[in-house]
K.L.:
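So that we are looking at the same thing, I have put the structure below in structure tokens.
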Amino acid sequence: MASRTCATPVVPGAFPMVGHAWPLMRRPLRFAQSLSGHGDLVEVRLGPVRAQVPCDPELLWRVLTDDRLFDKGGPFFDRVRATIGNGVGACPYGEHRRQRRLIQPSFQPARLKGYAAVMEEEAAALTERWDDGGVIDAYRSLFGAALRSVLRTLFATRAGDAVVDRFRTSVETVLQQLTARMFVPAPLLRLPLPVNRRFDRAVADLRRGIDDLVAERRRDRTDRGDLLSALMTAQDDENGTGCGTGLTDTEIHDQVLTMLTAGSDSVTAAVSWALYLLDRNPEALDRLEREVDAVLAGRAARGDDVPALAHTGRVITEALRLYPPGWLFTRVTTAETELGGHRLPPGTTVAFCAPAVHRGRQLYDDPEEFDPDRWLPERARTLPRGAFTAFGGGARKCAGEAYALTECTLLLATIVSRWRLRPAPGCDVRPVALSTALRPRRLLMETSARRGLPK
Ligand code: HEM
């Protein structure tokens, strides 16, 4: 726990035990945006734990890039490890490089081409299911496509509806509660309350689903060139040589779980927020439609269109700036250090809260404005390091960044090429309280086919 010797400004409004849970639950973005008004490094309370939050891009950059000193840990990753395990996203520094080397080949640019073909199919199938004049819950609708893409690309499964539905419910439940569990003292999480039982059931379901994936692959023993084969080959190698670089069964399990959770909700949230923002910014939507129509010329979006869909990419980046799906993570200092003129003892919790920087007035003109042109190269170049951290930074930067940007671009271009979406009655875009990915509660949208274009 952080000692007060670091004497950073304490953000007012914390309650005993739950700390700043209330403002973080009710208005997470407004709260995050307000933090820089108290200083470059400020103290908030994540439940009973004091956490230092960098609001200055350079300070945040240092935290993200010095991952030996600012190691994964603190209340968020403690809860993640207890649930999702010690996969590449949550493991401490000492285990990270080896795990990252094992998963990295599955994210090489050469692999992306094949993945993009799956993403195209999923985007087309998704938008073909919509009816002219119908209403969709954008987030729920997109979630299935994103989860199916991860299952098909990284785990080479056919991902039939039954498999997707099985994972979907449990992934959703786990991700909805993981962040909230930071604010609950550990003994309460063990009580047989309905909320805890639901969470435990979801984790058990997820693990059983993964057992089946792994068992099926063991039976046919084909190397399908996917992440699961790579993980299992690494394990076999360990058994053969005893060199100790392979993975244990538990580690394979943890990596699969990491990918399913990291790769579905985040993409879904990013595209959902982009749709919401485009509705409120007709000029940006108009430009986007013109770009998509010119590039696709009436055919379906393909992976190799992504470089030409430059404005579409900037729309995604700007949506990620305003609504970064990964909005609250933690680190823990492994030795005494200094940050922004404050002394941090070992064991200090530091929070990585991207919106505290992304929405800062010092950095961006009109930070609340949706302005995709901020990401034109000549403007983006003037921003300091750490100004945009939707994918994190340094050695722990998102392994799926290129994967995610390709998928978001293909989904958005496919949707915009075929449909106009307008908010429908009952829409509630407040972020789901303390959800792991910042996402709208109910983004209900009416779908109208764009006239004169193929549906
Ligand atoms: C728009 C979509 C996405 C966003 C905004 C996003 C964001 C992030 C962020 C912020 C981190 C770092 C967390 C930290 O520093 O504590 C991260 C890590 C990670 N993400 Fe993503 N992510 C996205 C999509 C994906 C996808 C599609 C995959 C895989 C299919 C993925 C896999 C990972 C992995 C494996 C890590 C851990 C990396 C490491 O520690 O070495 N992400 N992501």
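Whatever order the structure lists them in is the order used to number ligands and atoms, beginning at 1. Atoms considered below: every heavy atom in the structure, side chains included; atoms not considered: hydrogens, waters and symmetry mates.
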K.L.:
If we only consider heavy atoms of Gly89, is any one of them less than 4.0 Å away from an atom in ligand 1?
P.N.:
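Yes, that is the case, since the closest heavy atom of the residue is under 4.0 Å from the ligand.
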K.L.:
Considering both backbone and side-chain atoms of Arg396, is one of its nitrogen or oxygen atoms within less than 3.5 Å of a nitrogen or oxygen in ligand 1?
P.N.:
yes
K.L.:
Is any N or O atom of Val88, backbone or side chain, closer than 3.5 Å to an N or O atom of ligand 1?
P.N.:
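Yes; the residue has a nitrogen or oxygen that sits under 3.5 Å from a nitrogen or oxygen of the ligand.
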K.L.:
Using a 4.0 Å cut-off to any heavy atom of Lys397, which atoms of ligand 1 qualify?
P.N.:
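Listed by number with element: 38 (C).
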K.L.:
Provide, to 0.1 Å, the distance between atom 26 (C) of ligand 1 and the closest protein heavy atom, together with that atom's residue and name.
P.N.:
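Here the closest protein heavy atom is Gly263 CA, 3.5 Å.
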K.L.:
Can an N or O of Arg331 be found at a distance shorter than 3.5 Å from an N or O of ligand 1?
P.N.:
yes
K.L.:
Is the closest heavy atom of Leu405 to ligand 1 under 4.0 Å?
P.N.:
no
K.L.:
Identify the protein heavy atom lying closest to atom 36 (C) of ligand 1, giving its residue, its atom name and the separation to 0.1 Å.
P.N.:
Ala399 N, 4.0 Å
K.L.:
If the threshold is 4.0 Å, N to carboxylate O, is there a salt bridge linking Asp226 and Arg224?
P.N.:
no
K.L.:
What is the closest protein heavy atom to atom 7 (C) of ligand 1, and at what distance does it sit?
P.N.:
Ala390 O, 3.3 Å
K.L.:
Would one find an N or O of His96, backbone or side chain, under 3.5 Å from an N or O of ligand 1?
P.N.:
yes
K.L.:
Provide, to 0.1 Å, the distance between atom 30 (C) of ligand 1 and the closest protein heavy atom, together with that atom's residue and name.
P.N.:
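Its nearest protein heavy-atom neighbour is Leu154 CD1, 3.7 Å.
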K.L.:
Would you check if there is a donor-acceptor pair between the side chains of Thr337 and Arg62 at a distance under 3.5 Å?
P.N.:
yes
K.L.:
Would Phe76 count as a contact residue for ligand 1, given that I'm defining contact as a non-hydrogen atom of the residue lying under 4.0 Å from a ligand atom?
P.N.:
no
K.L.:
Out of the candidates Asp205, Thr261, Val203, only one should pair with Ser170 under the side chain to side chain contact (heavy atoms under 4.5 Å, CB included) rule; please name it.
P.N.:
Asp205
K.L.:
I need the nearest protein heavy-atom contact for atom 24 (C) of ligand 1: residue, atom name and distance, please.
P.N.:
Ser266 OG, 3.3 Å
K.L.:
Hey, are Asp161 and Arg148 close enough for a salt bridge, meaning a charged N less than 4.0 Å from a carboxylate O?
P.N.:
yes
K.L.:
For ligand 1, which atoms sit closer than 4.0 Å to a heavy atom of Tyr403?
P.N.:
27 (C)
K.L.:
Would Arg207 and Asp254 pass as an ion pair if we require N to O under 4.0 Å?
P.N.:
yes
K.L.:
Hey, is Phe391 touching ligand 1 through its side chain, its backbone, both or neither, going by heavy atoms under 4.0 Å?
P.N.:
both
K.L.:
Does some side-chain heavy atom of His253 sit less than 4.5 Å from a side-chain heavy atom of Asp211?
P.N.:
yes
K.L.:
Both conditions, 6.0 Å and 45 degrees, for the charged tip of Arg359 above the ring of Tyr323: are they met here?
P.N.:
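Here Arg359 passes the 6.0 Å and 45° test against Tyr323.
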K.L.:
Within 45° of the six-membered ring axis of Tyr364 and under 6.0 Å from that ring's centre, is NZ or CZ of Arg321 located there?
P.N.:
yes
K.L.:
In terms of atom number and element, which parts of ligand 1 are under 4.0 angstrom from non-hydrogen atoms of Phe77?
P.N.:
16 (O)
K.L.:
Can you see whether Thr8 engages Gln52 through a side-chain donor-acceptor pair at a distance of less than 3.5 angstrom?
P.N.:
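The answer is yes; a qualifying pair exists.
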K.L.:
Considering distance alone, does some N or O of Arg100 sit under 3.5 Å from an N or O of ligand 1?
P.N.:
yes
K.L.:
Which atoms of ligand 1 have any heavy atom of Gly392 under 4.0 Å away?
P.N.:
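Matching atoms, with element in brackets: 10 (C).
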K.L.:
Pull out every atom of ligand 1 sitting under 4.0 Å from any heavy atom of Met259, numbered as shown with elements.
P.N.:
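What qualifies from ligand 1 is 35 (C).
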K.L.:
So which heavy atom in the protein is nearest atom 20 (N) of ligand 1, and how far is it from that ligand atom?
P.N.:
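For this ligand atom, the closest protein heavy atom is Cys398 SG, 3.2 Å.
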K.L.:
Between the side chains of Glu251 and Arg98, is the shortest nitrogen-to-carboxylate-oxygen separation below 4.0 Å, so that they form an ion pair?
P.N.:
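A salt bridge is present here (some side-chain N lies under 4.0 Å from a carboxylate O).
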K.L.:
Please determine whether a side-chain nitrogen of the Lys or Arg among Arg97 and Asp67 lies less than 4.0 Å from a carboxylate oxygen of the Asp or Glu.
P.N.:
yes
K.L.:
Would Ser229 and Arg217 count as having a side-chain donor-acceptor pair, cut-off 3.5 Å?
P.N.:
yes
K.L.:
Counting both backbone and side chain atoms, is some N or O of Lys72 under 3.5 Å from an N or O of ligand 1?
P.N.:
yes
K.L.:
For Thr334 and Tyr93: C-alpha separation, side-chain torsions, deciding distance, then whether side chain to side chain donor-acceptor pair (under 3.5 Å) applies.
P.N.:
CA-CA 10 Å; Thr334 52; Tyr93 173 83; over 6 Å; no
K.L.:
Regarding atom 29 (C) of ligand 1: of the candidates Phe352, Tyr115, Phe329, Phe107, which has the closest heavy atom?
P.N.:
Phe107
K.L.:
Is Arg374 paired with Glu369 through a side-chain N to carboxylate O contact shorter than 4.0 Å?
P.N.:
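Salt bridge between Glu369 and Arg374, a charged N being under 4.0 Å from a carboxylate O: no.
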K.L.:
Students should be able to answer this: which protein heavy-atom is nearest to atom 25 (C) of ligand 1, and at what distance?
P.N.:
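The closest one turns out to be Ala262 O, 3.5 Å.
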